[in-house]
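Convention: sequence-line order gives letters A, B, ...; per-chain numbering from 1.
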Amino acid sequence: MPQPSTRNTFNGFALTWRMPIIVWQVLFFVGPLLFMVAMSFFLVKNYRMVEAFEFKNWEKMLTRGYFWDSYALTFILATLSTIVASVLAFPASFALAFKVSPVVRRWALFLLIIPFFTSYLVRIFSWYVILAESGVVNSILAQIGLGPYTMLNTMFGTLVGYMTLTLPLVVVLQTFALANIDRNLVQAAHNLGCSPIRAIYTVIMPLAKTGLIVAALFCFILSFGDFVSPYYLGGSKPPTLPILIIDTTKSGQQWPRAAVVAVVMMLTLITIAFASLALAYRKRASR
Amino acid sequence: MEHDNKELRSPKRRKILQASGAAIITAPFISRAWANVTEINMLAWYGHGEPDVVAEYEAANNVKFKPKYYAGGDNMLALIAQSPPGTYDLILSDAEFVQQLNAAGYIEEMNAADYPFDDMLHEDFTKFPGHWQDDKLYSMILRGGHLGVSYNKNAVTEEEAQSYACFWKPELKGKVGHFDWHLPSLGMMSLYNGNGASLFDLDDDKWDKVQETTMSLRPQVGGYFDYGGTFNSLKNGEMQAMCGIGDWITGVLEKDGAPVASVIPKEGGIQFTESYSIGKGSEKADEVKKFIQYMMSPEGQVKSAQMAAYPGFCVTKGGRAKLIEVDKAEATRSHQIEGMANEPIALINDGRIHYRDIPQQQSLEDWNDFWSEYKNA
């Protein structure tokens, strides 16, 4: 019986089909990314960018206290959003994966996707009606003698916005991860006397680890780069890095300095993404 | 029956085919008719190219405005800097940026005789700072508006609103909003510090004090907003006083029945001034001139004063008279009747209004840096 070759052979057919995505990524991701890095060394003179290779923008931004304050805040908020979304999504995902019929699961997943049919900005503005001091939530709380509570223009407001953006996606990704678990392994755990709660921690979560981490990673990435929620529901108080980018471009059209902020954000996200994926695949690779 | 149905359907098919054929044949003529419409590229704040302002003029003069909207003078300068000469035919800018437009060679010289300078409501409007250079006109003042204390009448009394000190009122903790632009907000802090007419011309000591005063307001601040956010937060009562704005926002809400108002406090207020210029290299300078003349006519001034996006006051006597004649309610609401309290021209004459400017002894970048620090504090 001939042994499959371990040597990489040229496959023109496969390459042809892979080319569009490679070209796309080079043109619309790698190219702009390199340009953004280059732009961070440019200068602005009379509101016009001038090609240069100077470190002034990096020095200016990285020595400013407000830059690091914004960085810390953005990181903390994105982490918090990731934890909250993952924790809130898990019971729903678990129920969809294990407790409901395939028909119900399909409908639920469809309903989770529906919010993405409308503009994110519109969904965020609709929270004004709900969270305002004279809004729906406070009106209900007033019926039982509570409130009014300030929810808009607070970190709570920002988190609500982040959940609007990420929670449906996290539920969908977690559901796919949990639904692909081999039920026999869960059944075996129960047969061997494992309590349902313990089975979740010792069997289900480790088996779905990759999917759960990828869901959390998506949540972090989307929250870290979101401008809309911290601006419109958080009142830009204090500003996150995406708001700082806007502020920087607004005054004197300092796109190169905005590029510095963007590059730092990209580096952070790349680091987080690689660390998360390493964590997600670590055990599987060691088996 | 099937045969009957086909017979019934076929005339419709024929009609559709005929109509399609006619459309194909006449398409070149239609497109030629469209081509005869002169397109004027306008660079302006939001609202100036909207139908409520330009539709009537477009219909009467066979022109079509293609507006490109910006937010802030810096943004405007950058858009022009990044576009080839002649891209924008008509440029609406804040008055304080006209000088920079001119210095960079982005605007054409205008003929003063083409415009109603003999009909101005105030002599300052005739020779507005920065609009003239070496006795040559480069921009035509269109409208203005005053910035002061904007407040919710249920939370702040009119008497309290007579001073910027009301922003520090303990009951307003977390309820004071900022329009997210450093120039008007820091300008107001400068006025509160007693800098009066030199509010933008600050030496180091005065600039330090302005920063100190501004920082002391930080615990009161509930948020920093763009136009939409400012509008919403005042409307739903989340913010009960707003720094950096004036009637251009509360006026819209007031018309909608919201309990908000703007006043010029005793420390003085700031005037935003909007002006039209003709873009350098525009091939439609004559059409643009004609439109500016229309906007300076009584009818045009009324359109500007009634602009749905944000109101502004008339700068010509003819415009004001026409506004009183056709829309007395708006003239009254915006105090554009001689003898009324807070009448815009009287406020200027009383020395309570200062024209918005850019920092004279610091750079815009210094002010913006501080603004970022302030927001993060």
Side-chain angles (χ1 to χ4, degrees), chain A residues 44-50 60-61 63-73 121 124-125 127-135 138 148 150-154 157-158 227-228 230-241 243-255 257 261, chain B residues 70-83 97 100-101 103-106 154 173-183 218-219 221-226 228-233 235-240 358-359 363-377:
Chain A
V44 173
K45 284 178 184 165
N46 292 328
Y47 300 93
R48 213 185 286 241
M49 267 196 299
V50 179
K60 171 89 181 174
M61 294 311 291
T63 53
R64 288 290 177 278
Y66 61 77
F67 170 80
W68 294 109
D69 289 344
S70 287
Y71 184 90
L73 175 77
L121 191 62
I124 289 300
F125 267 102
W127 278 109
Y128 271 61
V129 183
I130 299 164
L131 298 180
E133 286 188 17
S134 54
N138 273 315
T150 302
M151 289 177 274
L152 285 177
N153 308 312
T154 62
T158 303
F227 164 78
V228 174
Y231 197 83
Y232 290 105
L233 295 180
S236 184
K237 191 187 71 145
T240 55
L241 287 179
I243 297 172
L244 190 60
I245 289 180
I246 300 288
D247 285 352
T248 312
T249 58
K250 270 200 297 195
S251 182
Q253 293 298 308
Q254 281 291 351
W255 290 98
R257 284 182 197 160
V261 182
Chain B
Y70 64 80
D74 282 15
N75 187 208
M76 172 204 64
L77 285 168
L79 283 167
I80 299 174
Q82 290 153 16
S83 312
F97 287 92
Q100 297 189 51
L101 281 173
Y106 295 143
N154 298 329
K173 192 174 170 66
K175 298 287 174 196
V176 177
H178 271 292
F179 183 61
D180 194 3
W181 188 22
H182 52 80
L183 271 189
R218 186 64 180 79
V221 175
Y224 303 83
F225 308 97
D226 63 0
T230 304
F231 199 85
N232 271 319
S233 59
K235 190 174 184 180
N236 62 25
E238 286 294 311
M239 293 299 123
Q240 300 191 328
I358 50 178
S363 66
L364 272 170
E365 195 181 324
D366 291 334
W367 280 46
N368 190 56
D369 257 3
F370 171 68
W371 190 245
S372 292
E373 266 168 42
Y374 174 57
K375 285 169 76 176
N376 262 296

Report summary line: Of the listed B/Ala103, B/Ser233, B/Ala78, the one with the largest count of heavy-atom pairs under 4.5 Å with chain A is B/Ala78
Report summary line: Rounding to 0.5 Å, atoms OG (B/Ser372) and CD1 (A/Ile243) come to a distance of 11.0 Å
Query raised in the report: For the candidates A/Gly65, A/Gly234, A/Ser236, A/Ser134, which exhibits the highest count of non-hydrogen atom pairs separated by less than 4.5 Å from chain B?
Result: A/Ser236
Query raised in the report: Regarding A/Tyr231 and B/Asp226, is there a side-chain donor-to-acceptor distance under 3.5 Å anywhere?
Result: no
Query raised in the report: So, do B/Gln82 and A/Met49 sit near enough that their side-chain heavy atoms are less than 4.5 Å apart?
Result: no
**Report entry** Heavy-atom pairs under 4.5 Å with chain B, option from A/Gly235, A/Gly135, A/Ser70 with the top count
**Finding:** A/Gly235
Query raised in the report: At their closest point, which heavy atom of B/Gly223 faces which heavy atom of A/Lys237, and how far apart are they?
Result: N-CD, 3.9 Å
Query raised in the report: Under a 4.5 Å cut-off applied to non-hydrogen side-chain atoms, are B/Lys375 and A/Pro239 in contact?
Result: yes
Query - A/Asp247 versus B/Asp180, closest heavy-atom pair with distance - result: OD1-OD2, 3.9 Å
Query raised in the report: Quick one: are B/Met239 and A/Asn153 in side-chain contact, heavy atoms under 4.5 Å?
Result: yes
Query raised in the report: Once you round to the nearest 0.5 Å, how far does CZ of A/Arg64 lie from CG of B/Asp369?
Result: 5.0 Å
Query raised in the report: Quick one: salt bridge (Lys or Arg N to Asp or Glu O under 4.0 Å) partners of B/Glu373, sequence neighbours excluded?
Result: none
Query raised in the report: Could you go step by step and tell me if A/Tyr232 and B/Asn232 meet the side-chain hydrogen bond (donor to acceptor under 3.5 Å, both in side chains) rule?
Result: CA-CA 10 Å; A/Tyr232 290 105; B/Asn232 271 319; over 6 Å; no
Query - Atom group of A/Phe125 that falls short of 4.5 Å from chain B, counting heavy atoms - result: side chain
Query raised in the report: If you count heavy-atom pairs under 4.5 Å with chain A, which of B/Gly72, B/Gly229, B/Gly222 comes out on top?
Result: B/Gly222
Query raised in the report: Taking the side chain as C-beta and beyond, is there a heavy-atom pair between A/Leu73 and B/Asn376 under 4.5 Å?
Result: no
Query raised in the report: What part of B/His182 gets closer than 4.5 Å to chain A, counting heavy atoms only: side chain, backbone, both or neither?
Result: side chain
Query raised in the report: Yes or no on side-chain contact (heavy atoms from CB on, under 4.5 Å) for B/Lys175 and A/Thr150, after CA distance, side-chain angles and deciding distance?
Result: CA-CA 10 Å; B/Lys175 298 287 174 196; A/Thr150 302; 4.0 Å; yes
Requested in this report: Name all residues meeting the side-chain contact (heavy atoms from CB on, under 4.5 Å) criterion together with B/Asn75; count only those two or more places apart in sequence or in a different chain, and write none if there are none.
Outcome: A/Gln253, B/Tyr70, B/Leu79
Query raised in the report: Do A/Met151 and B/Glu238 have side-chain heavy atoms sitting under 4.5 Å apart?
Result: no
